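Here is the structure we will look at.
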Amino acid sequence: MDFETLLIEAPAEGVALIRLNRPRQYNALNSTLLTELGSALDQFEQDDAIRAVIITGSEKAFAAGADIAEMVGISGEEMLAMVEASTGWRALSTFSKPTVCAVSGMALGGGFELALQCDILLASTGAKFALPEINLGVIPGAGGTQRVARIIGKSLAMEMVMNGRSMLAEEALQRGIVSRVIEPGKIEAETIELAKQLAGRAPLAVRAGKACVNKAINTTLEEGLKLERETFIPLFDTDDAKNMMAAFLNKSKE
Ligand code: CO8
C-alpha cells in the first residue's frame with residue numbers, strides 16, 4: 001500500500017500499523033489523509049491475515065487536529081461535503097477488528113477525536129490531549145463532545161469543549177481516557193506487543209467483545225445486555241470455542 005500521508009508497516013504477524021505522516025503540519029488531518037485512512041482500513045477489514053491495527057503518529061505529534069488550511073473561510077455546506085467525503089471517520093467507526101492507538105506528543109481537536117474512536121488508547125509520558133476548536137470559533141465535530149463527556153463526565157468535558165482545557169497523559173490515565181502511560185522510548189514496542197496479543201486471540205470472540213463494549217457506551221443497560229446475550233450464544237458454535245475449551249480441559253488432565 002502506497003500512500004502520500006500514511007506509512008503502513010507490518011510490525012508483527014497479523015498486525016498492521018498505520019503511521020500518520022505529515023510531519024511538517026504536525027500530522028494535521030487533511031482530506032487526503034482521511035481518504036487514505038479510509039482506504040487503508042477498508043483493505044485491512046477485507047484482509048483475513050490482518051487481525052489488529054495500530055494507529056500512531058510521530059514522537060512529537062499524534063495529530064494537531066483537522067487541517068485548518070482546508071477549513072478556513074469555507075461555508076457550512078462546504079464543510080458538510082468535506083465531512084461526507086471523509087471516508088476515514090466512517091471506516092474507523094465501522095471497523096470490526098481491534099484498533100490500538102498510541103499517542104505521543106499532541107493529540108488535538110480532530111487528532112484527539114481520531115484517537116477516541118480507537119478501541120484501546122495508550123499514551124506516552126507527556127502526551128497532551130485537548131479540544132481547542134473553541135479557539136477557532138467552532139466545536140469538535142468528529143464525536144469529541146459526546147465521547148469525552150461519556151468518559152470524563154460533564155463538568156470537565158465542558159471545560160475542555162467550551163474553554164479548550166488540555167490534559168496531560170497522566171491525567172488522561174486517571175480519567176479513563178487512556179489505559180496506560182508508557183515511557184516514550186518504550187511505547188511503540190509495548191503497543192506492538194499488545195496488538196500482537198489481540199491478533200493471536202480467537203478473532204470472532206475479539207470482534208464480538210468489541211461490538212458489545214462499544215454498545216455499552218452507546219445504549220441502555222437493557223439493550224446492551226440483549227446484544228451481549230445475542231453475541232455470546234453463537235460463539236459456542238465456533239471451532240475456536242470448541243477447540244480452546246477442549247484444549248483447556250486436556251491440559252489440566254496432563
Ligand atoms: N492545521 C493545519 N496546519 C497546522 C495545524 C492544523 N491543525 N497545526 C499545525 N499546523 C502547521 C502550522 O501552520 C505550521 O505550518 P508552517 O510551518 O507552514 O507555518 C506548522 O504546522 C507548525 O506549527 P506551529 O508553527 O504553530 O508550531 P508550534 O510548535 O508553535 O505549535 C501547535 C504547534 C500547538 C500544534 C499549533 O500549531 C496549533 O495550535 N495548531 C492548531 C491546533 C488546533 O487548533 N487543532 C484543532 C483544529 S480544528 C479540528 O480539529 C476540528 C475537527 C473537526 C473534524 C470534523 C470531521 C467530521
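In this chain, numbering begins with 1 at the start of the sequence shown. Just follow the structure's listing: the first ligand is 1, and inside any ligand the first atom is 1. This one's a predicted model, so the numbers in the text were calculated from it and none came from an experiment.
Atom 19 (O) of ligand 1 is not flagged as protein-proximal [any protein heavy atom, distance under 4.0 Å]. At a distance under 4.0 Å, a protein heavy atom can be found next to atom 29 (O) of ligand 1. Protein heavy atoms are found inside the 4.0 Å sphere centred on atom 44 (O) of ligand 1. Atom 37 (O) of ligand 1 is not flagged as protein-proximal [any protein heavy atom, distance under 4.0 Å]. When distances from atom 26 (O) of ligand 1 to the protein are checked, no heavy atom turns up under 4.0 Å. Less than 4.0 angstrom separates atom 1 (N) of ligand 1 from at least one non-hydrogen atom of the protein. Distance remark: protein heavy atom present below 4.0 angstrom from atom 7 (N) of ligand 1. Counting protein heavy atoms under 4.0 angstrom from atom 16 (P) of ligand 1 gives zero.
Residue nearest to atom 51 (C) of ligand 1, selected from Arg22, Lys60, Glu133: Glu133 (by heavy-atom distance).
Listed by atom number, the atoms of ligand 1 under 4.0 Å from Pro132 heavy atoms are 43 (C), 44 (O), 45 (N), 46 (C). Shown in contact with Met71 at under 4.0 Å from a heavy atom are these atoms of ligand 1, numbered in order with element: 48 (S). Close approach of ligand 1 to Gly65 (heavy-atom distance below 4.0 Å) involves ligand atoms 50 (O). In the vicinity of Gly109, heavy-atom distances shorter than 4.0 Å reach the ligand 1 atoms 50 (O). The Gly110 neighbourhood of ligand 1 comprises atoms 49 (C), 50 (O), 52 (C), with distances under 4.0 Å to a heavy atom of that residue. For ligand 1 and Asp67, the ligand atoms under 4.0 Å from any heavy atom of the residue are 1 (N), 2 (C).
The protein non-hydrogen atom at the shortest distance from atom 24 (P) of ligand 1 is Tyr26 CE1, 4.2 Å. At the top of the distance list for atom 11 (C) of ligand 1, counting protein heavy atoms only, stands Gln25 CA, 4.0 Å. Considering only non-hydrogen protein atoms, atom 42 (C) of ligand 1 sits nearest to Ala64 O, 3.3 Å. Nearest to atom 55 (C) of ligand 1 among the protein's heavy atoms is Gly141 C, 3.8 Å. From the protein, the heavy atom lying nearest to atom 39 (O) of ligand 1 is Leu108 CD1, 4.7 Å. Nearest to atom 41 (C) of ligand 1 among the protein's heavy atoms is Ile68 CD1, 3.8 Å. Here the protein heavy atom with the shortest distance to atom 14 (C) of ligand 1 is Arg24 O, 4.5 Å. The nearest heavy-atom contact from the protein to atom 32 (C) of ligand 1 is Met106 SD, 4.2 Å.
Grouping the Ile, Leu, Val, Met, Phe, Trp and Tyr side chains by contacts below 4.5 angstrom, directly or via other members, places Ile55 with Phe129. Clustering ILVMFWY residues whenever any of their side-chain heavy atoms sit less than 4.5 angstrom apart, transitively, puts Ile54 in a cluster other than the one holding Ile50. Neither Ile120 nor Ile177 shares a network with the other; the hydrophobic side chains, linked directly or stepwise wherever heavy atoms of I, L, V, M, F, W or Y lie under 4.5 Å apart, form separate groups for each.
Looking at Leu136 against ligand 1, only its side chain comes within 4.0 Å, counting heavy atoms. Of the heavy atoms in Val83, only side-chain atoms (C-beta onward) come closer than 4.0 Å to ligand 1.
The shortest non-hydrogen separation linking Gly109 to Leu131 is O-CD2, 4.0 Å. Taking both residues in full, the closest heavy atoms of Asp42 and Ala91 are given as OD1-CB, 3.8 Å, listed atom of the first, atom of the second, then distance. Closest approach of Arg150 and Ile217 over heavy atoms only: NE-O, 3.2 Å. Across every non-hydrogen atom of Ser124 and Ala169, the tightest pair is O-CB, 3.5 Å. Heavy atoms only, all atoms of each residue included: Leu6 and Leu33 are closest at CD2-CG, 4.0 Å.
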**Request:** List the steps, then state whether salt bridge (Lys or Arg N to Asp or Glu O under 4.0 Å) holds for Arg165 with Glu171.
**Result:** CA-CA 12 Å; Arg165 191 239 209 235; Glu171 185 180 3; 2.9 Å; yes

**Message:** Determine whether Phe112 and Val148 satisfy the following criterion, side-chain contact (heavy atoms from CB on, under 4.5 Å), listing intermediate values before the conclusion.
**Reply:** CA-CA 10 Å; Phe112 185 16; Val148 160; 3.9 Å; yes

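The distance criterion of under 3.5 Å between nitrogen or oxygen atoms is met by Ala66 with respect to ligand 1.
Screening Glu36, Arg19, Arg22 against Thr5 for a side chain to side chain donor-acceptor pair (under 3.5 Å) leaves a single residue, Glu36.
More than 12 heavy atoms of other residues, nucleotides or ligands sit less than 6.0 Å from atom NZ of Lys210.
Of the N and O atoms on the side chains of Glu4 and Thr32, not one donor lies less than 3.5 Å from an acceptor on the other residue. Side-chain N/O atoms of Gln117 and Ser93 include no donor and acceptor closer than 3.5 Å. Looking at Glu223 and Thr220, their side chains never bring a donor and an acceptor atom within 3.5 Å of each other.
Using a 4.0 Å cut-off between charged side-chain N and carboxylate O, Glu222 and Lys226 make no salt bridge.
At least one heavy atom of Glu113 sits less than 4.0 Å from an atom of ligand 1.
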